[in-house]
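Presented below is the structure to which this report refers.
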Amino acid sequence: MNTYRLLGLLLAIWFGISPVAHAQTPAAPPVLTGNGSLTGTVLDSLKKEPVPYATVVLLPPAPNDKPITGVAADDKGHFELTKLAPGPARLRVSYVGYGTQTRTVTITDGATDAGTFQLPTAGTALAEAVIIGTKPVVEVRPDRIVYNAEQDVTNAGGTAADVLRKAPLLAVDGDGNVKMRGSGNFKVLVNNKPSPTLASNLAEALKGIPAEQIKSVEIITTPPAKYDGEGTAGIINIVLKKGVDQGLNGQVSASGGNRNSSTRGSLNFKKSKLGFTSSAGMGRWYGPSGYERVRFGKQDNSTLTQSGSGKYGGQWYSGSVGLDYEMSEHQSLSLAGSVYNYDGDYNTNLLNNFVAAETANNQLFNRFTNTLFGSFNGELTGTYTKTFAQPRREWSVVGQYARNNGTFGYDFDEYKDSFVNLGTDQASYRERSRGRTPGREYTAQTDLVQPFGEKQTLEIGLKAIWRNTGSVADVDGLTRRETDGFVRLPDRSTNFNYDQNVQAAYATYSFAASKKLNISLGSRVERTALAADFRITDTGFERNYTSVLPNGNAQYSFSESNSLRLAYSRRITRPYIDYLNPFVDRSDRTNISFGNPDLDPELTDSYELSFNTNGKAGSLNISGSVRRTDNAIESVRQPTDVVGVTQQTYANVASNAFYQLNFYGSAKPVTGWEISGGPDVQYIVRRSPTLGIERRGFTAGLNFNTSYKLPKKFTIQAFVYSSLPSPDLQGRGSANLYYQLGTKKSFLKDKADLVLNFGSPFNDYWIYRNTTNTRDFSETNEFKAFQRSFRLSFSYRFGQEQKGKQRKSVSNDDVKSGGNKQGGQ
């Protein structure tokens with residue numbers, strides 16, 4: 001079935017969901033008259049945290065189960081039913097993934113507090129009978145879309161990159177680069193906090209996070225003021241699984257396949273007021289690759305052809321430990337630490353053939369390159385949390401120290417006028433480089449949630465980040481018959497130091513304007529201080545600026561299952577050091593690159609209108625959005641004075657606008673069968689008066705996931721993602737296609753799982769092709785991503801398995817980095 005048929009099928013299913021959902025909504029109750037009201041709060045029974053958007057239904061006394069009326073709790077778990085006639089009744093509270101609680105109440109002529117409903121998570125027993133459910137693969141919430149990775153059997157044995165590939169509104173290409181709603185400008189958090197490893201090299205770091213460790217992925221397109229202002233497309237929050245609240249439990253798992261392998265274990269317990277969580281793992285990734293570049297010079301009639309093939313490999317290990325201590329009923333302390341390390345290499349054979357109008361400029365050589373990379377990251381976070389007798393009131397203080405040390409380098413042997421590699425002693429030129437990127441980060445943050453009555457809440461907070469990084473690298477070269485050995489090339493070395501300090505304050509006021517309309521207004525103020533010292537060029541700069549970032553949203557609930565949401569936010573993108581460093585990188589002699597220390601930050605305004613409907617038959621989210629950036633940072637390619645050589649840098653040269661329409665829905669056509677997915681369509685306009693360029697055009701993508709439960713504890717699942725090319729400022733991006741099939745067998749009383757997955761079984765690789773087209777040259781780059789794969793995974797769980805307490809954490813999601821690194825545009 002091709003992409004367009006899948007699109008048609010999904011749209012047909014979705015437009016059939018809404019009427020069904022309405023049809024299965026409880027029948028309209030008689031006209032309610034009276035002065036009585038019921039209020040209450042819905043909490044998770046283990047974490048004692050709100051269960052947002054829980055369903056609350058008012059029933060007559062038993063045995064009559066015909067609903068009188070109902071309402072959805074707000075994002076703090078609070079609910080209110082009004083205009084009720086006095087008398088006995090029952091309240092039934094439920095939410096997907098939790099048990100159902102039913103309580104007898106007596107309605108009076110005035111306000112009655114029904115108290116707190118503590119819902120048990122799936123698999124937790126209560127004194128009363130409960131209804132146990134499982135979460136769907138995708139949940140559409142008013143403020144975000146949640147992909148419940150733990151419910152997707154095809155993730156077993158995979159990595160975080162495999163998980164993100166399946167999440168709504170996201171795309172991952174063959175290099176592991178992630179895009180959100182067609183943009184690379186976003187931020188990734190882990191448990192609502194950043195990781196310096198992710199910030200420095202997202203594509204590589206994602207390979208070292210096991211899929212089994214991921215509980216869910218939250219896609220937040222218009223983040224509220226409490227989040228850092230960085231990431232114009234939004235925020236991706238990876239929520240990892242937690243330990244238990246009672247008893248000893250853990251898990252061991254192992255997987256192997258033709259693309260990666262891993263082993264992992266966890267051990268957790270809680271006794272009295274002390275809780276302990278821990279996990280450790282290690283693994284490898286490996287595979288082949290291929291690429292080709294063809295460039296035509298329009299002015300000099302030259303042709304550059306580069307083709308190559310290679311293989312990559314690497315290994316990772318990680319570990320984490322956490323302690324929680326309840327000092328009293330309303331005070332708690334937590335301490336969490338983690339380490340993560342990865343390193344690997346990438347071997348390539350490159351054939352370079354440059355043909356110019358003047359034969360003296362021709363270049364033919366073959367080059368063998370071994371590229372090295374690695375990173376060590378350690379984090380330590382401490383949190384103090386104080387709650388109060390007043391519900392929803394909370395104060396927290398968080399401190400974090402993070403250390404991120406990276407290493408990089410390469411060795412290459414070049415053979416002039418040769419189509420193949422020869423012996424090392426016959427290399428006409430050899431080069432090697434080693435470097436490191438030390439980094440450290442300190443963060444302090446405090447937040448206060450202060451309710452005013454039942455319908456108003458004020459959230460305020462302060463935050464400060466002190467970040468220091470840099471890069472030190474040397475390059476040595478050896479020319480055959482000219483040097484006896486390697487000699488230092490001082491003009492190729494790099495040595496710089498970079499400080500970025502950010503202080504922020506925010507406030508958000510939320511209130512219920514009416515029974516059906518909830519409004520939230522907020523703003524964030526951030527002051528940024530930058531200082532850089534580029535020691536090789538003996539240059540540097542200091543810069544300070546203040547940014548005001550307002551946001552707000554309004555949600556109107558037509559009923560407990562249908563709502564409309566309007567949201568606005570302004571966000572900032574600060575250029576990272578890779579964008580600012582003026583050092584000229586000449587490792588690729590056909591395309592030199594350097595940064596621009598005069599870059600200004602980007603400011604992006606986002607507007608979004610979305611409709612959500614939820615029913616027993618499924619859910620549907622339709623959203624239309626507009627994102628505008630008037631001083632966008634773009635990668636710019638231009639020719640140099642040297643024939644056949646181009647240069648690449650960054651500049652505030654564009655005004656970009658993204659007009660987007662997203663559909664995402666889920667349905668259960670029959671018992672045991674679930675489907676979810678949706679298309680998104682974008683119209684993109686990019687203008688650059690400086691370069692005299694205007695590009696516009698459509699692009700579209702499709703995300704589809706389905707699963708079916710078979711007898712005898714078998715489950716089968718399939719996933720597909722595809723997208724069309726997108727217009728770039730100086731060319732066109734790549735199309736994308738990835739699909740996966742999997743089956744799971746549970747046994748040993750559901751404590752063990754055996755999973756077999758197949759990735760893209762019907763094609764060996766997918767070619768990611770992008771183009772660059774200027775008045776001076778045109779270029780096509782093709783990268784072969786070898787996607788055909790298989791993986792067999794086994795996991796075993798032991799002990800009491802329940803959800804643990806969520807720790808407070810910091811969220812440093814505030815920088816834009818370059819190239820393969822997180823946030824690259």
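Heads up: numbering here begins at 1 and tracks the sequence. Heavy-atom basis, side chains included; hydrogens, waters and symmetry copies ignored.
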Gap separating the [atom1] atom of [X] from the [atom2] atom of [Y], nearest 0.5 angstrom:
X    : Y    : atom1 : atom2 : answer
I572 : E602 : CD1   : CD    : 9.5 Å
T494 : R535 : OG1   : CZ    : 10.0 Å
S547 : R571 : OG    : CZ    : 12.0 Å
L564 : K516 : CG    : NZ    : 13.0 Å
Y147 : I236 : OH    : CD1   : 13.5 Å
E329 : T387 : CD    : OG1   : 7.5 Å

Grab the two heavy atoms, one from [X] and one from [Y], that are nearest each other, plus how far apart they are.
X    : Y    : result
L580 : F534 : O-CZ, 3.7 Å
L43  : V51  : C-CG2, 3.5 Å
V548 : P550 : O-CD, 3.4 Å
A225 : T508 : CB-OG1, 3.5 Å
P575 : I633 : CB-CD1, 4.0 Å
D113 : T39  : OD1-O, 3.4 Å

By ring pair (Phe, Tyr, Trp, His ring centres under 6.0 Å), which residues pair with [X], not counting sequence neighbours?
X    : answer
Y545 : none
Y509 : F511
F541 : none
W466 : none

Go through the structure and list residues passing side-chain contact (heavy atoms from CB on, under 4.5 Å) with [X], not counting sequence neighbours.
X    : result
S625 : R181, E608, Q660
I460 : L448, L458, A507
R393 : F388, Q390, Q450, P451
A111 : S37

When you measure from the side chain of [X] to the backbone N and O of [Y], does any donor-acceptor pair fall under 3.5 Å?
X    : Y    : answer
N341 : W316 : no
R524 : N551 : no
H78  : G40  : yes
N596 : Y650 : yes

Any donor-acceptor N or O pair under 3.5 Å, side chains [X], [Y]:
X    : Y    : answer
R527 : N544 : yes
Q555 : N553 : no
E459 : Y506 : no
S610 : S623 : no

Quick one: do T443 and V398 satisfy side-chain contact (heavy atoms from CB on, under 4.5 Å)? Show the steps, please. CA-CA 8 Å; T443 304; V398 185; over 6 Å; no
Run the side-chain hydrogen bond (donor to acceptor under 3.5 Å, both in side chains) check on Q331 and Y384 step by step: do they pass? CA-CA 7 Å; Q331 297 184 85; Y384 169 77; 2.4 Å; yes
Partners of [X] by side-chain hydrogen bond (donor to acceptor under 3.5 Å, both in side chains), sequence neighbours excluded?
X    : value
N631 : none
S520 : S510
T116 : none
S266 : none

Please examine the side chains of [Y] and [X], heavy atoms only from C-beta on, and report whether any two atoms are closer than 4.5 Å.
X    : Y    : result
L380 : R403 : no
V71  : E80  : no
P50  : T41  : no
L333 : M327 : yes
D630 : L603 : no

Let me see the working for N621 and N662 under side-chain hydrogen bond (donor to acceptor under 3.5 Å, both in side chains), right down to the final yes or no. CA-CA 8 Å; N621 171 269; N662 294 102; over 6 Å; no
Do R574 and L530 pass the side-chain contact (heavy atoms from CB on, under 4.5 Å) test, and can you show the C-alpha distance, the side-chain angles, and the key distance before you say yes or no? CA-CA 10 Å; R574 300 177 184 86; L530 308 176; 5.5 Å; no
Evaluate the criterion side-chain contact (heavy atoms from CB on, under 4.5 Å) for residue pair Y607 and L566; output intermediate values, then yes/no. CA-CA 8 Å; Y607 309 83; L566 178 65; over 6 Å; no
Can you confirm whether more than 12 heavy atoms, excluding those of R628, are under 6.0 Å from its CZ atom? no
Around atom CZ of R436, are there more than 12 heavy atoms of other residues, nucleotides or ligands at under 6.0 Å? no
Students often mix this up, so state it plainly: with edges at 30° and 60°, are the rings of Y442 and Y401 parallel, tilted or perpendicular? tilted
Kindly determine whether K463 and V502 satisfy side-chain contact (heavy atoms from CB on, under 4.5 Å), including the steps that lead there. CA-CA 8 Å; K463 183 175 183 179; V502 180; over 6 Å; no
